[in-house]
Each structure stands twice: as structure tokens, then as C-alpha cells.
Asks: 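Input: one structure, supplied below.
FYI, the numbering just counts along the sequence from 1.
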Amino acid sequence: MPDVVFSVDQAKSMRDQAVPGHNRWHPDIPPAVTVRPGQSIRVECREWTDGQIGNNDSANDVRDVDLTHAHMLSGPIFVEGAEPGDLLVVDILDLGPVPQEVGDAPGQGWGYTGIFAKHNGGGFLTDTFPDAYKAIWDFAGQKCTSRHIPGVEYTGITHPGLFGTAPSADLLARWNARERALIATDPDRVPPLALPPLEESVLGGTASGDALSAIGRDGARTVPARENGGNHDIKNFTRGSRVFYPVHVPGALFSGGDLHFSQGDGEITFCGAIEMGGFIDFHVDLIKGGMETYGVTTNPILMPGNVEPRYSEFVTFIGIGVDHTSDTQLYNDATAAYRNACLNAVEYLKKFGYSGAQAYLLLGSAPIEGRVSGVVDIPNACCSLYLPTAIFDFDIKPSASGPVSADRGSCAVSS
């Protein structure tokens with residue numbers, strides 16, 4: 001049994017834990033625990049919004065979620081002997097929902113997928129779906145089903161959305177400078193181009209007073225992936241994976257959370273995975289001087305595990321880099337191409353009786369495969385979305401007889 005080094009009582013806010021976690025990246029957040037290289041550890045995690053989303057049939061909670069609290073991270077974990085320039089080697093031994101518990105917190109037998117409102121985070125298809133929607137998923141072993149998206153059952157690729165090391169003071173300053181410069185190009189954009197430091201709702205572990213004020217004033221928000229790792233949302237970052245994180249501060253100060261029961265490539269609804277609290281078991285080690293040895297300066301390196309459902313038949317949707325709403329040609333725009341692939345899949349699923357929102361929620365949470373298929377054939381980038389056919393309890397393949405539409409119920413909507 002790995003050593004439990006960070007424990008969470010799911011009945012309490014992260015702020016009220018015996019040792020609280022944090023929700024900003026900053027080098028001065030005090031370590032919650034010290035571990036040694038070669039140690040196997042268990043980290044318990046709170047759901048990323050700190051329990052703001054309920055197991056109900058309304059999406060008002062998704063509409064009104066307070067993102068100033070996000071993400072709730074477990075840690076920081078100080079690794080003995082870790083120095084700037086090293087690589088922190090992290091093996092995922094196991095992870096899952098909260099063991100042996102059924103309750104009100106995500107991860108206690110259930111999770112959720114949300115479409116965030118455009119004015120509050122938005123998502124990849126936010127111009128098409130500007131309002132909030134939600135689907136609740138019930139867990140049965142490795143499989144999940146939803147009363148809000150009937151007709152599907154699939155095996156989740158359970159993984160953490162977010163883990164990383166603390167930035168150095170210099171790296172943090174660079175993040176803040178470049179993200180503020182981006183925001184300044186369109187400061188009134190909805191949703192915003194980036195999220196600057198925010199003192200409101202800051203949680204800095206056991207820091208208090210002036211130290212906590214400094215964390216709120218300068219600490220980086222946890223929404224994007226950055227040089228330290230962070231919010232990668234890679235669905236294949238699962239059991240058996242090995243990750244090499246760059247170390248920027250003494251002790252590495254390793255933290256994370258945002259556990260997902262399942263997710264499709266891209267997590268396209270922004271809250272597109274099946275979100276949950278739970279546990280994750282790691283083995284930690286070090287490669288001394290590994291950043292220079294392997295040329296790792298701006299990114300971790302991931303060796304994905306081999307644990308995933310093996311779907312063998314797909315219906316695949318193609319997207320190209322064109323803005324079809326205005327018939328505008330774009331140049332090698334892979335983002336637009338993948339967005340079009342997603343929209344094409346949504347329109348297809350609507351022919352079988354799903355609403356657009358249900359289809360969007362499904363594509364965010366199911367183990368779809370998204371691929372950049374071509375970026376050299378100017379002017380059109382080409383992306384593809386592979387939707388497994390076996391997750392449906394009806395045939396979604398095209399045929400001469402046409403799609404069989406049925407009443408597929410409704411996802412949770414906001415009032």
C-alpha cells in the first residue's frame with residue numbers, strides 16, 4: 001500500500017481540510033509533506049471546483065460556478081534532493097474515484113460533464129453552444145452511463161487532468177507578463193483570452209498573512225498547461241504512465257488534481273471530462289540534471305500507459321480550416337479544422353435523436369480520438385475525430401436505410 005501523504009475528507013471543502021491544498025501556482029506555497037525518491041505515495045484529491053456541482057437535473061450550478069476557486073490542487077509535495085535542472089520522474093501506479101464511498105461529492109459513485117456558459121469560461125464550441133448544460137454519469141466499475149445521455153455505455157480512461165511542479169519566481173513572472181500582454185490585445189473579449197492573477201478566493205495551502213497576499217497578487221491561475229506541466233488534460237495519462245517533469249525550485253513542489261473518469265481528446269466543452277474527486281498513487285524518483293541532459297526546457301515528457309479500452313471500429317468526422325459561417329478561407333488553421341470536425345460529429349448525432357448539447361457533452365466525455373491529420377497541404381489544415389461505434393446500444397453507422405431517430409431524453413439545462 002502506498003503511503004498516504006495527502007488526505008482529503010470529501011465531506012469538507014479543500015479549505016477546511018486538516019492540511020489544505022492550493023489553487024494557484026507560486027513558488028512560495030509551503031510544502032504540505034516531504035517524500036523521498038523511490039517512495040510510493042497516495043494523493044487524495046477533491047473535485048476541481050471544490051464541490052460546487054451537484055448530482056441533479058439542473059445546469060444552473062454549471063452556469064453559476066465560481067471559477068475563482070479553481071483548481072483545487074493537492075500538495076505541494078516536497079521531494080528530497082530535487083534541485084532546479086533535475087527531472088522529477090512520476091509513475092502512475094493506480095487511480096480512481098473515491099474508494100468505497102457513495103455520496104454528494106463528485107467521485108462518490110458519480111461524476112459530471114459540463115458545458116460552460118460563454119460568459120463564464122465557455123468552451124471549444126461556445127459560439128454554437130453559449131448556454132450551460134450538464135450530464136451526470138454513474139460509475140459501475142470501469143464503465144459509466146448517464147440518465148442525461150441514454151443509449152451509451154463506455155469504459156473510461158481514468159486519468160488526472162492536472163499535475164505539475166512549482167514555477168520559479170522568474171518563470172512565474174514570465175508567465176504573467178506574456179499572458180497580460182495577450183489579454184491587452186482584446187481586453188473585453190468574452191470569454192477572456194487568458195486569466196490573470198486574482199486575489200479573490202486564493203488558497204495557498206498553509207500560507208497566511210503577507211505570504212498569502214503575495215500568492216494571490218502574483219500566483220498564476222491553474223487553467224492552462226505551461227512549462228511546469230499543469231492542466232494538460234491528456235486522456236492517455238493513465239495507469240502505467242511515466243511523466244518526466246522539469247524541476248524549477250528546490251524540492252520540485254509537485255501538486256495536482258482535477259481527476260477525470262473519462263475524457264475525449266480535446267476536452268472540448270472545457271469541463272468536458274467526467275469530473276470527479278478520488279485518489280492517485282505515484283512512484284517518484286529523480287534524474288539529476290535531466291533537463292539539460294534531455295533538452296527539456298519548455299515541457300514535460302510523457303510515456304503513456306497501455307491501459308485503455310480497445311475500440312476497433314469508428315465513424316470518423318473530418319474538419320478543414322475554413323470558417324463555414326462566413327465562407328472564409330483560413331491558413332493552416334488546425335484549431336478551426338478540429339472545431340469543424342466536432343461540429344460535423346454533433347450534426348451527425350442529432351440525426352439519431354440527440355440534442356446538440358447532448359452530442360457535445362458526449363464528445364467531451366467519451367474516449368473519442370482527435371487527430372491532426374495534415375498541416376502541410378496549404379491552405380487547409382485537416383483534423384479528424386474518431387467516434388467509437390461500440391459505445392452505443394444502437395447502430396450509428398451510415399446505411400442506405402438512414403438513421404433511426406428515437407427519443408433520447410434530455411441533458412440537464414440551465415434556467
Asks: Are Arg147 and Asp57 within salt-bridge range, i.e. N to O under 4.0 Å?
Replies: yes
Asks: Output the distance between atom CG (Leu162) and atom CZ (Phe237), rounded to the nearest 0.5 Å.
Replies: 9.5 Å
Asks: Measure from NZ or CZ of Arg339 to the centre of the six-membered ring of Phe124, then state whether that distance is under 6.0 Å and the direction lies within 45° of the axis.
Replies: yes
Asks: Is there a donor-acceptor contact under 3.5 Å from the side chain of Gln108 to the main chain of Ala105?
Replies: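 Flag set: sc Gln108 to bb Ala105 pair under 3.5 Å.
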Asks: Quick one: does any side-chain atom of Gln17 pair with a main-chain N or O of Val19 as donor and acceptor, under 3.5 Å?
Replies: no
Asks: Taking all non-hydrogen atoms of both residues into account, name the closest pair between Gly96 and Thr158 and its distance.
Replies: CA-CG2, 4.2 Å
Asks: Would you find more than 12 non-hydrogen atoms of other residues, nucleotides or ligands less than 6.0 Å from Asp104 atom CG?
Replies: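 No - once you tally the heavy atoms of other residues, nucleotides and ligands closer than 6.0 Å, there are 12 at most.
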Asks: When you look at Ile115 and Val62, which way does the side-chain contact (heavy atoms from CB on, under 4.5 Å) test go after all the steps?
Replies: CA-CA 7 Å; Ile115 296 173; Val62 171; 5.9 Å; no
Asks: Is a donor on one side and an acceptor on the other found under 3.5 Å between the side chain of Asp186 and the backbone of Leu193?
Replies: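 Not confirmed, Asp186 side chain does not pair with Leu193 backbone.
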Asks: Return yes if some donor-acceptor pair links the side-chain N/O of Glu275 with the main-chain N/O of Gly114 below 3.5 Å, else return no.
Replies: no
Asks: For Ser373 and Ser384, does a side-chain donor sit closer than 3.5 Å to a side-chain acceptor?
Replies: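 Yes, Ser384 and Ser373 have a side-chain donor paired with an acceptor closer than 3.5 Å.
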Asks: Do we see a donor-acceptor contact under 3.5 Å between the side chains of Gln358 and Tyr133?
Replies: no
Asks: Could you tell me how the ring of Phe392 sits relative to the ring of Tyr354: parallel (under 30°), tilted (30 to 60°) or perpendicular (over 60°)?
Replies: tilted
Asks: Taking the six-membered ring for Trp and the full ring for Phe, Tyr or His, determine whether the centres of Phe282 and Phe254 are under 6.0 Å apart.
Replies: yes
Asks: Have Asp66 and Thr68 got a donor and an acceptor in their side chains that come within less than 3.5 Å?
Replies: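 Result is yes, a qualifying pair exists.
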Asks: Whether Arg42 engages the ring of Phe6 as a cation-pi pair (distance to the six-membered ring centre under 6.0 angstrom, angle to the ring normal within 45°) should be assessed.
Replies: no
Asks: Using a strict threshold of under 4.0 Å (side-chain N to carboxylate O), is an ion pair present between Asp127 and Lys118?
Replies: yes
Asks: With distance as the sole test, does Asp91 use its side chain to make a donor-acceptor pair with the main-chain N or O of Val284 at under 3.5 Å?
Replies: no
Asks: Looking at side-chain heavy atoms only, is the closest gap between Met276 and Trp110 below 4.5 Å?
Replies: no
Asks: May I ask you to check whether Ser213 and Asp210 show a side-chain donor-acceptor distance below 3.5 Å?
Replies: no
Asks: Please tell me whether Gln39 and Asp3 have a donor and an acceptor in their side chains that are separated by less than 3.5 angstrom.
Replies: yes
Asks: A side-chain contact here means heavy atoms from C-beta on lying under 4.5 Å apart; do Pro300 and His232 qualify?
Replies: yes
Asks: Could you tell me whether the side chain of Tyr360 and the main chain of Ile268 form a donor-acceptor pair under 3.5 Å?
Replies: yes
Asks: Taking Thr165 for the side chain and Pro246 for the main chain, is one N or O donor matched with an acceptor at less than 3.5 Å?
Replies: yes
Asks: Do we get Arg221 above Trp25's six-membered ring, with its NZ or CZ under 6.0 Å from the centre and within 45° of the axis?
Replies: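 No, Arg221 does not sit over the ring of Trp25.
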Asks: Do Leu253 and Ile29 have side-chain heavy atoms sitting under 4.5 Å apart?
Replies: no
Asks: Once rounded to the nearest 0.5 Å, what's the spacing between atom SG of Cys271 and atom CH2 of Trp48?
Replies: 5.0 Å
Asks: Answer yes or no: is there a donor N or O on one side and an acceptor on the other, between the side chain of Arg217 and the main chain of Pro197, under 3.5 Å?
Replies: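 Not at all, since once roles are kept as given, no pair shorter than 3.5 Å links the two residues.
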Asks: Where is the tightest heavy-atom contact between Val65 and Gln52, given as atom of each residue plus distance?
Replies: CG2-OE1, 3.4 Å
Asks: How about Ser415 and Asn60: does a side-chain donor come under 3.5 Å of a side-chain acceptor?
Replies: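 The criterion, which ignores hydrogens and geometry beyond distance, is satisfied for Asn60 and Ser415.
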Asks: Taking C-beta and beyond as the side chain, do Phe163 and Val90 meet within less than 4.5 Å on heavy atoms?
Replies: no
Asks: Tell me, do Ile287 and Val89 make a side-chain contact under 4.5 Å, heavy atoms counted?
Replies: yes
Asks: Students often mix this up, so state it plainly: with edges at 30° and 60°, are the rings of Phe314 and Tyr386 parallel, tilted or perpendicular?
Replies: perpendicular
Asks: Between Ser168 and Asp170, do the side chains contain an N or O donor and an N or O acceptor separated by less than 3.5 Å?
Replies: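 The criterion, which ignores hydrogens and geometry beyond distance, is not satisfied for Asp170 and Ser168.
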Asks: To the nearest 0.5 Å, what is the distance between CG on Leu87 and CD on Glu292?
Replies: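 Answer rounded to 0.5 Å: 11.0 Å.
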Asks: Are Phe279 and Val98 packed together at the side-chain level, in the sense that at least one heavy-atom pair is separated by less than 4.5 angstrom?
Replies: no
Asks: If we ignore hydrogens and angles and just use 3.5 Å, is the side chain of Thr113 paired with the main-chain N or O of Ala273 as donor and acceptor?
Replies: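 At least one qualifying donor-acceptor pair exists.
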Asks: Under 4.0 Å between a Lys/Arg side-chain N and an Asp/Glu carboxylate O for Lys288 and Glu83?
Replies: yes
Asks: Counting only heavy atoms not in Asp64, do more than 12 fall under 6.0 Å of its CG?
Replies: yes
Asks: Does a side chain donor of either His22 or Ser255 reach within less than 3.5 Å of an acceptor in the other side chain?
Replies: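 Side-chain D/A pair, His22 to Ser255: present.
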Asks: Just verifying a value: how many Å separate Ile391 CD1 and Ile368 CD1, rounded to the nearest 0.5 Å?
Replies: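 It is 9.0 Å, given to the nearest 0.5 Å.
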Asks: Check whether any side-chain N or O of Glu347 sits under 3.5 Å from a backbone N or O of Leu343 as a donor-acceptor pair, and report yes or no.
Replies: no
Asks: What are the two closest heavy atoms between Tyr245 and Gly229, and how far apart are they?
Replies: CE2-CA, 4.2 Å
Asks: Could you report the tightest heavy-atom contact between Gly305 and Ser241, atom names first, then the distance?
Replies: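 Gly305 and Ser241 have their closest heavy atoms at N-OG, 2.9 Å.
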Asks: Distance alone, cut at 3.5 Å: any donor-acceptor contact between the side chains of His71 and Thr222?
Replies: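 The criterion, which ignores hydrogens and geometry beyond distance, is satisfied for Thr222 and His71.
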Asks: Applying side-chain contact (heavy atoms from CB on, under 4.5 Å), run through Asn344 and Ile318 and close with a yes or a no.
Replies: CA-CA 8 Å; Asn344 291 340; Ile318 307 300; 5.7 Å; no
Asks: Heavy-atom count check: over 12 atoms from other residues, nucleotides or ligands less than 6.0 Å from Asp327 CG?
Replies: no
Asks: Distance alone, cut at 3.5 Å: any donor-acceptor contact between the side chains of His69 and Arg15?
Replies: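 Side chains of His69 and Arg15: pair found under 3.5 Å.
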Asks: Run the numbers on His283 and Asp285 for side chain to side chain donor-acceptor pair (under 3.5 Å), then give the verdict.
Replies: CA-CA 7 Å; His283 180 274; Asp285 215 330; 5.0 Å; no
Asks: So that I know where these two stand, are Trp137 and Tyr154 an aromatic pair - ring centroids less than 6.0 Å apart?
Replies: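 Trp137 vs Tyr154: aromatic centres under 6.0 Å.
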Asks: Between Glu267 and Thr269, is any side-chain donor less than 3.5 angstrom from a side-chain acceptor?
Replies: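 On atom types as modelled, these side chains do not qualify, holding no pair under 3.5 Å.
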Asks: Is the shortest side-chain N to carboxylate O distance from Arg226 to Glu179 below 4.0 Å?
Replies: yes
